[in-house]
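What follows is one structure encoded as structure tokens, with my remarks underneath.
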Amino acid sequence: MLEPRWFRWVRRVGLSLLTVFALVPVYVMVTSALKPLEDVQREFRWIPSRVTLRPFADIWDTVPLGRYFVNSLVVSGVATVCSVTIAVFAAYTISRHTFRGRQVFSISVLSTQMFPGILFLLPLFLLFVNIGNATGIELYGSRLGLILTYLTFSLPFAIWMLVGYFDSIPRDLDEAAMVDGNGPIGALIRVVIPAASPGIVAVAVYAFMTAWGEVLFASVMTDESTRTLAVGLQGYATQNNVFWNQVMAASLVVSVPVVAGFLFLQRYLVAGLTAGAVK
């Protein structure tokens with residue numbers, strides 16, 4: 001059926017308004033990053049009177065942005081790899097095998113998503129401090145502690161999502177692989193994982209973006225040497241001044257990896273989010 005003309009115009013106007021609504025903050029961020037600080041602190045102008053690239057050079061000297069960038073990259077990358085690896089094996093076991101407590105385990109994993117993260121902040125803090133005092137393994141203020149923290153809320157969602165995706169993959173593929181001489185692990189690695197690559201990519205993107213932009217736990221569980229970008233951007237605000245142009249410039253710089261990765265993996269992400277919902 002052909003769409004009525006009025007519906008097409010309503011759709012175009014609605015999409016245009018949504019596009020403008022999404023792009024105006026980006027435009028303000030870009031123009032503010034290209035202005036001198038005194039121009040940013042004055043009355044806002046849509047078109048900058050002076051354009052400078054100096055804020056993009058100053059952001060690396062005002063705060064140790066390079067160190068924060070490395071910390072975020074290491075923590076987010078390792079947390080993503082660990083989350084995806086564990087979730088693949090856990091979800092495959094739940095999807096393909098029947099065992100006592102299977103339903104209870106699945107519900108318990110999913111129920112952890114109902115609680116706000118701040119409820120886990122104090123228990124994790126005390127746990128890390130006590131482990132450090134008892135064993136000498138410094139989890140508080142370390143990258144390892146932050147990685148374990150991010151696993152507590154990215155792993156349950158990853159398992160739950162991959163279970164639904166593995167359920168949509170025919171079991172005949174597993175049986176065919178076993179007939180060819182593969183065991184359960186061989187069937188998973190050689191057959192199921194390639195077939196489930198869109199869902200795995202979707203989980204990896206979710207885990208990485210969650211860790212990359214997380215603020216609450218990173219502000220408590222890190223010190224000056226392990227601080228991440230989400231917390232380190234606060235360094236541009238001093239007691240006497242706020243370097244708004246550098247804040248905007250740093251925000252643009254730290255957004256590049258996430259935006260580039262999302263655009264590169266967008267096709268797999270959409271497929272992974274939709275395929276697991278249809279059996």
Side-chain angles (χ1 to χ4, degrees), residues 65-95 109-110 112-113 115-117 120-121 124 128 137 139-166 169 185 188-189 192-222 225-233 251 253-276:
L65 189 64
R67 183 172 66 212
Y68 298 158
F69 192 92
V70 172
N71 289 336
S72 291
L73 195 61
V74 171
V75 170
S76 301
V78 175
T80 299
V81 172
C82 294
S83 179
V84 170
T85 303
I86 298 173
V88 164
F89 287 97
Y92 182 74
T93 302
I94 296 174
S95 175
V109 168
L110 186 59
T112 59
Q113 302 298 300
F115 301 98
F120 302 99
L121 182 60
L124 284 174
F128 287 174
I137 300 175
L139 295 178
Y140 172 73
S142 66
R143 293 175 179 174
L144 177 59
L146 197 58
I147 291 170
L148 295 176
T149 300
Y150 289 158
L151 285 176
T152 59
F153 49 85
S154 65
L155 188 57
F157 178 84
I159 295 175
W160 173 75
M161 183 174 177
L162 285 180
V163 167
Y165 199 91
F166 285 157
I169 298 176
I185 301 299
L188 171 64
I189 296 175
V192 179
I193 288 180
S197 57
I200 295 174
V201 169
V203 169
V205 172
Y206 164 80
F208 185 86
M209 294 183 66
T210 301
W212 185 266
E214 201 279 326
V215 177
L216 176 63
F217 289 92
S219 62
V220 177
M221 299 296 186
T222 60
S225 61
T226 58
R227 192 164 296 168
T228 59
L229 284 170
V231 181
L233 292 179
S251 299
V253 170
V254 303
S255 300
V256 169
V258 176
V259 174
F262 180 82
L263 293 176
F264 178 74
L265 299 173
Q266 182 180 13
R267 177 166 59 91
Y268 300 97
L269 180 62
V270 174
L273 291 175
T274 56

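Quick note: numbers below take in every heavy atom, side chains included, and nothing from hydrogens, waters or symmetry partners. Note that the structure is a prediction, hence the values are computed from the model and not measured.
- Using a distance-only test at 3.5 Å, with no hydrogens or angles considered, a donor-acceptor pair links the side chain of Thr152 to the main chain of Thr149.
- Side-chain contact check for Leu124 versus Phe217: some heavy-atom pair is nearer than 4.5 Å.
- Taken from CH2 in Trp212 to CG in Leu229, the straight-line distance is 5.0 Å, to the nearest 0.5 Å.
- Partner of Val84 under the side-chain contact (heavy atoms from CB on, under 4.5 Å) criterion, out of Leu155, Val201, Ile200: Ile200 alone.
- Each of Asn71, Thr228, Thr226 was evaluated against Arg143; a single residue qualifies, Asn71, per the side-chain hydrogen bond (donor to acceptor under 3.5 Å, both in side chains) test.
- Atom CG in Leu144 sits 8.0 Å away from atom CZ in Phe128 (nearest 0.5 Å).
- Smallest separation of non-hydrogen atoms from Tyr150 and Glu214: OH-OE1, 3.0 Å.
- Annotation: Phe120 is not in aromatic contact with Phe153 [ring centroid separation under 6.0 Å not met].
- Atom OG of Ser154 and atom CD1 of Ile86 lie 9.0 Å apart (nearest 0.5 Å).
- Heavy atoms only, all atoms of each residue included: Tyr140 and Val220 are closest at CE1-O, 3.0 Å.
- Ring planes of Phe166 and Tyr92: perpendicular class, angle over 60° (limits at 30 and 60°).
- One distance of note links OG of Ser83 with CD1 of Ile159; it measures 7.5 Å at 0.5 Å rounding.
- For the atom pair CZ (Phe89) and CD1 (Ile94), the distance works out to 14.0 Å, reported to the nearest 0.5 Å.
- For Ser197 (side chain) and Pro194 (main-chain N/O), a donor-acceptor pair under 3.5 Å exists by modelled atom type.
- Remark: Ser142 OG to Leu148 CG distance equals 8.0 Å, nearest 0.5 Å.
- In this structure, Ala218 and Leu146 approach most closely via the heavy-atom pair CA-CD1, 4.0 Å.
- Ser219 places a side-chain N or O within donor-acceptor distance of the main-chain N or O of Leu216, the cut-off being under 3.5 Å.
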